[in-house]
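Residue numbers begin at 1 in each chain, while the letters A, B, ... track the order of the sequences. As the structure is a computational prediction, the values presented were derived from the model and not from experiment.
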There are 2 protein chains.
Amino acid sequence: MLLNHMVEFQTPHLDAVFHALSDPTRRAILYRLTEGERTVSELATPFNMSLAGASKHIKVLEGAGLVRRHVQGRTHYCQLEAARLAEAQEWLRTYERFWTTRLDNLEEILREEDRASARSSQQSPSSTAKSDKTSRSTK
Amino acid sequence: MLLNHMVEFQTPHLDAVFHALSDPTRRAILYRLTEGERTVSELATPFNMSLAGASKHIKVLEGAGLVRRHVQGRTHYCQLEAARLAEAQEWLRTYERFWTTRLDNLEEILREEDRASARSSQQSPSSTAKSDKTSRSTK
DNA sequence: TCGATGGTCAACCATTTGGTTTAATATATT
DNA sequence: AATATATTAAACCAAATGGTTGACCATCGA
């Protein structure tokens, strides 16, 4: 507990946000909302569950601050609210160096090897990186 | 659109990862592991809970692929395994354009177009979730 | 005003979660 | 061999989760 870094303290929402994201239905709902505002029943339709069930999922997302709703007549319009997602990403950034720096280091190493040994392929036998096969995505 | 369907439905890890991250104890354990390898009891001590309780948390992290352990004698050493965190961040990146500035937004859009053209695999847009849009409830 | 539509609420149910305590297992240490 | 240490396993518990159904409320359209 003493170890709890700022990141932990500054983000009291993380429990709710990560919990909300841990359900595939809710993630699908969020994705749906990237296309624009949707009503509760519009959000519910693709899923093979009752409207009440979907409504509960939406409420979880709302409770986590990931969805905002505005009621208009009997219709509830839902909107993506991304700020908390940004917080989640910010939390993850703390760990970025554990997958980026290793790749960057690998890049560096390869570049150096390329320069130093003009083509004597050396496989380090006791390499610390157990597997640097992590596929780098686009970019 | 299709790409995000892939993101949604091709990554069953996300359920486990986000669930694992939804607990503050587990997040603290992960943070602790950024400082290096730690044994189970080392990880457990800061928390006001039984060793067995902490052990269970570690197993959840392990099950989500966020922690690797190697046993040496009676001691279990735990190590951060960040790849799945990278996957989570990758998922979040889909939503980045909803919180970044307009300029970044433009950048993101261009990058997305880049990606989309990179894998010019198009497909019927009706490939939805695990469940067909079987209409609900005639009741 | 009446009926259909959009949604929530409440009660219920099975399963999971987060925690406990008390063994049990495996390895060190003396 | 005996004992201490590191950790898991098993049984248990209360609370939360994900889902259902049925009743209810509000509102839109005729």
Side-chain angles (χ1 to χ4, degrees), chain A residues 1 4 8 12-30 32-33 37-64 66-79, chain B residues 8 12-30 32-33 37-64 66-79 129-131 133-139:
Chain A
M1 47 209 282
N4 268 338
E8 287 297 332
H13 309 312
L14 282 179
D15 289 24
V17 168
F18 281 133
H19 168 68
L21 296 183
S22 73
D23 184 281
T25 299
R26 289 193 288 262
R27 289 199 304 276
I29 289 174
L30 282 187
R32 228 27 220 309
L33 288 176
E37 215 173 51
R38 291 286 182 274
T39 73
V40 168
S41 28
E42 278 171 353
L43 289 174
T45 324
F47 304 105
N48 197 17
M49 73 172 59
S50 68
L51 178 63
S55 174
K56 276 168 109 177
H57 279 300
I58 293 170
K59 246 185 302 187
V60 170
L61 290 167
E62 214 183 350
L66 298 175
V67 159
R68 213 180 333 145
R69 107 168 53 192
H70 71 274
V71 182
Q72 199 171 330
R74 61 186 168 180
T75 310
H76 295 217
Y77 292 93
C78 298
Q79 228 179 315
Chain B
E8 278 303 324
H13 303 319
L14 284 179
D15 288 26
V17 168
F18 281 133
H19 168 68
L21 296 183
S22 73
D23 186 279
T25 299
R26 289 194 287 264
R27 288 198 305 275
I29 289 175
L30 281 188
R32 197 82 187 295
L33 287 176
E37 214 172 52
R38 291 287 183 274
T39 74
V40 168
S41 27
E42 279 171 352
L43 289 174
T45 26
F47 304 105
N48 197 18
M49 74 171 61
S50 68
L51 179 62
S55 173
K56 277 168 106 177
H57 278 300
I58 293 170
K59 243 185 306 185
V60 170
L61 289 167
E62 213 183 351
L66 298 175
V67 159
R68 213 179 336 144
R69 107 169 52 193
H70 70 274
V71 182
Q72 198 170 330
R74 60 185 168 180
T75 308
H76 295 216
Y77 292 93
C78 298
Q79 229 180 311
K130 45 207 166 184
S131 65
K133 346 186 121 184
T134 41
S135 65
R136 160 205 24 272
S137 79
T138 18
K139 282 196 173 163

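Taking each heavy atom of A/Arg74 and A/His76 in turn, the nearest pair found is O-CD2, 3.6 Å. Considering every non-hydrogen atom in both A/Leu21 and B/Phe18, the closest pair reads O-CD1, 3.4 Å. When all heavy atoms of B/Tyr77 and B/Thr39 are compared, the closest pair comes out as CE2-CG2, 3.6 Å.
Here C/dG18 presents its P atom at 17 Å from CG of B/Asn48, a figure rounded to the nearest Å. Between B/His76 atom NE2 and D/dA9 atom C1' there is a gap of 12 Å when expressed in whole angstrom units. One atom, OH of A/Tyr77, and another, C1' of D/dT27, lie 12 Å apart when rounded to the nearest Å. Taking atom CG on A/Leu61 and atom P on D/dG18, their separation rounds to 10 Å, with Å as the unit. For A/Lys56 and C/dA10, the NZ to P distance is 11 Å, given to the nearest whole Å. Rounded to whole Å, atom P of D/dC25 lies 18 Å from atom CG of A/Leu51. We find that CZ of A/Phe18 is positioned 17 Å from P of C/dT17, with the value rounded to whole Å. Rounding to whole angstrom units, CD1 of residue B/Ile58 and C1' of D/dA9 are separated by 15 Å.
Across D/dT7, D/dG18, D/dG19, the shortest atom-to-atom separation from the side chain of A/His19 is found for D/dG18. Among C/dT21, D/dT17, D/dT7, the nucleotide with an atom closest to any side-chain atom of B/Ser50 is C/dT21. The listed nucleotides are D/dG19, D/dT7, C/dT20; the one nearest the side chain of B/Thr75 is D/dT7. Proximity note for B/Ala52 (side chain, C-beta onward) versus D/dT21, D/dA9, D/dA11: the nearest is D/dA9. The side chain of B/Met49 lies closest to C/dT20, out of C/dA11, C/dT20, D/dT21.
Remark: the backbone N or O of A/Ile29 is not paired with any side-chain donor or acceptor of A/Arg38 at under 3.5 angstrom. Side-chain atoms of A/Arg26 come within 3.5 Å of backbone N or O of A/His19 as a donor-acceptor pair.
Within the 4.0 angstrom heavy-atom criterion, only backbone atoms of the sugar-phosphate kind lie near A/Lys59; the bases stay farther away. Within 4.0 Å of B/Gly53, counting heavy atoms only, lies at least one base atom of the nucleic acid.
Heavy-atom distances to DNA chain D give each of A/Asp23 and B/Glu62 a nearest nucleotide, and the one nearer the 5′ end belongs to B/Glu62.
Remark: the B/Arg74 side chain and the D/dT5 base include a donor-acceptor N/O pair separated by less than 3.5 Å.
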